[in-house]
*Asks:* 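Mind looking over this structure? Questions follow.
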Amino acid sequence: MSSDRRRKGESYSHEWNRFVAWSNATGRTSLPASPEDAAAYLEDRAKAGARASTIRVSAAAITYNHRDSGLDEPLRHDVVRTVLDELKHNEPPSPIRAMALDLDCYIAIRKTAYEPRHGRGGRMERVDTAHRRGALDIAMIGLMRDARLRAGEAADLTWGDVEQYGDGTGWAGVGDTGHRLLSPDTMKLLLTIRQDAGNGEPVLGLRPNQIASRIGAAARQAGLGNGYSGDSPRLGMLRDLETLGVLLLGAQIPGSKP
């Protein structure tokens, strides 16, 4: 398995660890897991109030680890597909359908992020202002993609929630959901914008609506059009993971490109 696929697979470590802990606590085997046990776990997550989208990520983590170990994938069985179908049908539709900001979109944004833009008064940005704004935008989107963050989660993140490993990778601690792996590239971008900020200060210093607005503006500047918002980086990463072969078992990404 390539290092890129391994890095992306590791982003599911929290969901996989939850399944392992559940299996140990209930006297079941996590690897290999039986289809019946996998279905029971997903149903337990649903009963505990987890969103259907979160449960699908848990399902993808189970599939990823079985596939990586060369084992049969329990989630391919009808008993598990039935559970996932019921969750999908029972999930209320999202009122806002965000476009998925996938890797190709992110690359396009990075190519144009530092270009000066016209401000509200019609005046063109100074070059240094455009550079600071662009650096924050691409660091923000890279962080939100790697850690699969919604705008509210990204707004709440402080520098004390971020740590770098010796190999250049890092992690972001997101509430009570555990650590999310960050790539070396994202860590470099984050360190560029940190400057002298203390651990208690917010990483982005933006409200959720400001994050959504900046993502939309960056996408338009890159020629991607409208429809990109605060949930777009997270959806884009899920799309990329699916493309790499991490089975999401019918999970639909609202508003994603065909």
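Worth knowing before you read on, the calculation uses all heavy atoms, side chains too, and leaves out hydrogens, waters and symmetry mates. For reference, positions follow the sequence shown, starting with 1.
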*Asks:* Would you indicate whether the side-chain heavy atoms of W171 and R180 approach each other to under 4.5 Å?
*Replies:*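 No; the side chains remain at least 4.5 Å from each other.
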*Asks:* Between E73 and R76, does at least one N-O distance fall below 4.0 Å, as a salt bridge requires?
*Replies:*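 Looking at R76 together with E73, the answer is yes, because their closest N to O distance falls below 4.0 Å.
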*Asks:* Would you say D102's side chain and R239's backbone share a donor-acceptor pair under 3.5 angstrom?
*Replies:*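 Absent.
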*Asks:* Are any non-hydrogen side-chain atoms of D137 and M140 less than 4.5 angstrom apart?
*Replies:*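 The answer is yes; the side chains approach within 4.5 Å.
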*Asks:* Mark yes or no for whether T169, through its side chain, and Y165, through its backbone, hold a donor-acceptor pair below 3.5 Å.
*Replies:*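 Such a contact is absent between T169 side chain and Y165 backbone.
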*Asks:* Would D185 and R110 pass as an ion pair if we require N to O under 4.0 Å?
*Replies:*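 Salt bridge between D185 and R110, a charged N being under 4.0 Å from a carboxylate O: yes.
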*Asks:* Let me check something: do I62 and L71 share a hydrophobic cluster, defined by ILVMFWY side-chain heavy atoms less than 4.5 Å apart, either directly or through other members?
*Replies:*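 Yes, it is one cluster - the side chains of I62 and L71 are joined through contacts under 4.5 Å.
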*Asks:* Between S58 and R18, is any side-chain donor less than 3.5 angstrom from a side-chain acceptor?
*Replies:*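 S58 vs R18: no donor-acceptor pair found between side chains.
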*Asks:* First locate atom CG of N209, then atom CZ of R207, and finally report the distance between them rounded to the nearest 0.5 Å.
*Replies:*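 That separation rounds to 5.0 Å.
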*Asks:* Any non-hydrogen side-chain atom of S229 less than 4.5 Å from a side-chain atom of I215?
*Replies:*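 No - every pair of side-chain heavy atoms lies 4.5 Å or more apart.
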*Asks:* Please work out whether the ring planes of F19 and W16 are parallel, tilted or perpendicular, with thresholds of 30° and 60°.
*Replies:*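 Because their plane-to-plane angle lies in the 30° to 60° range, the rings of F19 and W16 count as tilted.
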*Asks:* Would you say the side-chain atoms of S69 pair up with the backbone N or O of N65, donor to acceptor, closer than 3.5 Å?
*Replies:*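 Judged by distance alone, yes, a pair lies under 3.5 Å.
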*Asks:* Is the backbone of K188 close enough, under 3.5 Å, to the side chain of T192 for a donor and an acceptor to pair up by distance?
*Replies:*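 Yes, T192 side chain to K188 backbone: donor-acceptor pair under 3.5 Å.
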*Asks:* Working to the nearest 0.5 Å, report the span between CE of M124 and OG1 of T129.
*Replies:*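 So the CE of M124 and the OG1 of T129 are separated by 12.5 Å.
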*Asks:* Looking at every heavy atom in both H66 and D72, which two are closest together, and how far apart are they?
*Replies:*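 Answer, listing the atom of H66 first, then D72: CD2-O, 3.4 Å.
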*Asks:* Could you state whether I141 and L191 fall into the same hydrophobic cluster, counting links through intermediate Ile, Leu, Val, Met, Phe, Trp or Tyr residues with side-chain heavy atoms under 4.5 angstrom apart?
*Replies:*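 Shared cluster, no.
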*Asks:* Just so I know, are the side chains of D156 and D161 near enough to count as touching, which here means a heavy-atom distance under 4.5 Å?
*Replies:*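 Side-chain contact under 4.5 Å: no.
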*Asks:* Would R234 and R150 satisfy side chain to side chain contact (heavy atoms under 4.5 Å, CB included), going step by step from the backbone distance to the final call?
*Replies:* CA-CA 7 Å; R234 184 184 69 87; R150 293 180 170 84; 3.3 Å; yes
*Asks:* Could you give me the CA-CA distance, side-chain angles and deciding distance for R220 and L224, then say whether side chain to side chain contact (heavy atoms under 4.5 Å, CB included) is met?
*Replies:* CA-CA 5 Å; R220 290 191 294 273; L224 301 175; over 6 Å; no
*Asks:* So, T29 side chain and P32 main chain: donor-acceptor pair closer than 3.5 Å or not?
*Replies:*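 Absent.
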*Asks:* Quick check: do V162 and N199 have side-chain heavy atoms less than 4.5 Å from each other?
*Replies:*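 With C-beta onward as the side chain, the pair stays apart.
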*Asks:* Show your reasoning for whether side chain to side chain contact (heavy atoms under 4.5 Å, CB included) applies to V174 and L149.
*Replies:* CA-CA 8 Å; V174 185; L149 300 177; 3.6 Å; yes
*Asks:* Evaluate the criterion side chain to side chain contact (heavy atoms under 4.5 Å, CB included) for residue pair L103 and M237; output intermediate values, then yes/no.
*Replies:* CA-CA 7 Å; L103 181 59; M237 177 56 86; over 6 Å; no
*Asks:* Starting at CZ of R148, measure out to CG of L241 and round the result to the nearest 0.5 Å.
*Replies:*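 If I round to the nearest 0.5 Å, the distance is 7.0 Å.
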*Asks:* Measure the shortest side-chain to side-chain distance between R214 and L136 over non-hydrogen atoms and say whether it is less than 4.5 angstrom.
*Replies:*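 They are in contact (side-chain heavy atoms under 4.5 Å apart), so the answer is yes.
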*Asks:* Heavy-atom distance under 4.5 Å between the side chains of E201 and T158, does that happen here?
*Replies:*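 Not in contact.
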*Asks:* Determine, for E36 against R28, whether the closest basic-nitrogen to carboxylate-oxygen distance falls under 4.0 angstrom.
*Replies:*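 Salt bridge: no.
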*Asks:* What pair of heavy atoms forms the shortest contact from M187 to G170, and how long is it?
*Replies:*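 Between these two residues, the closest heavy atoms are CG-N, 3.7 Å.
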*Asks:* Of the non-hydrogen atoms in L157 and G173, which two are nearest, and what is the gap between them?
*Replies:*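 The answer is CD1-O, 3.4 Å.
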*Asks:* Looking at every non-hydrogen atom in both residues, tell me the closest pair between Y228 and C105 and how far apart they are.
*Replies:*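 Heavy atoms only, the tightest pair is OH-SG, 3.7 Å.
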*Asks:* For the OG1 atom of T186 and the CG atom of D146, what is their distance to the nearest 0.5 Å?
*Replies:*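 One finds 3.5 Å between OG1 of T186 and CG of D146.
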*Asks:* Where do R133 and A113 come nearest, in terms of heavy atoms and distance?
*Replies:*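 The answer is NH1-O, 2.5 Å.
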*Asks:* Identify the heavy atoms of A98 and S232 that sit nearest to each other, and give their distance.
*Replies:*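 Looks like CB-OG, 3.7 Å.
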*Asks:* For the CD atom of E125 and the CZ atom of R132, what is their distance to the nearest 0.5 Å?
*Replies:*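 That separation rounds to 9.5 Å.
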*Asks:* Other residues, nucleotides and ligands only: do more than 12 of their heavy atoms fall within 6.0 Å of CZ on R194?
*Replies:*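 Buried by this count: over 12 neighbours within 6.0 Å.
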*Asks:* Quick check: do Y114 and V127 have side-chain heavy atoms less than 4.5 Å from each other?
*Replies:*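 No, their side chains stay 4.5 Å or more apart.
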*Asks:* Verify, without hydrogens or angle tests, whether Y106 (side chain) and I138 (backbone) share a donor-acceptor contact under 3.5 angstrom.
*Replies:*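 It does hold such a pair.
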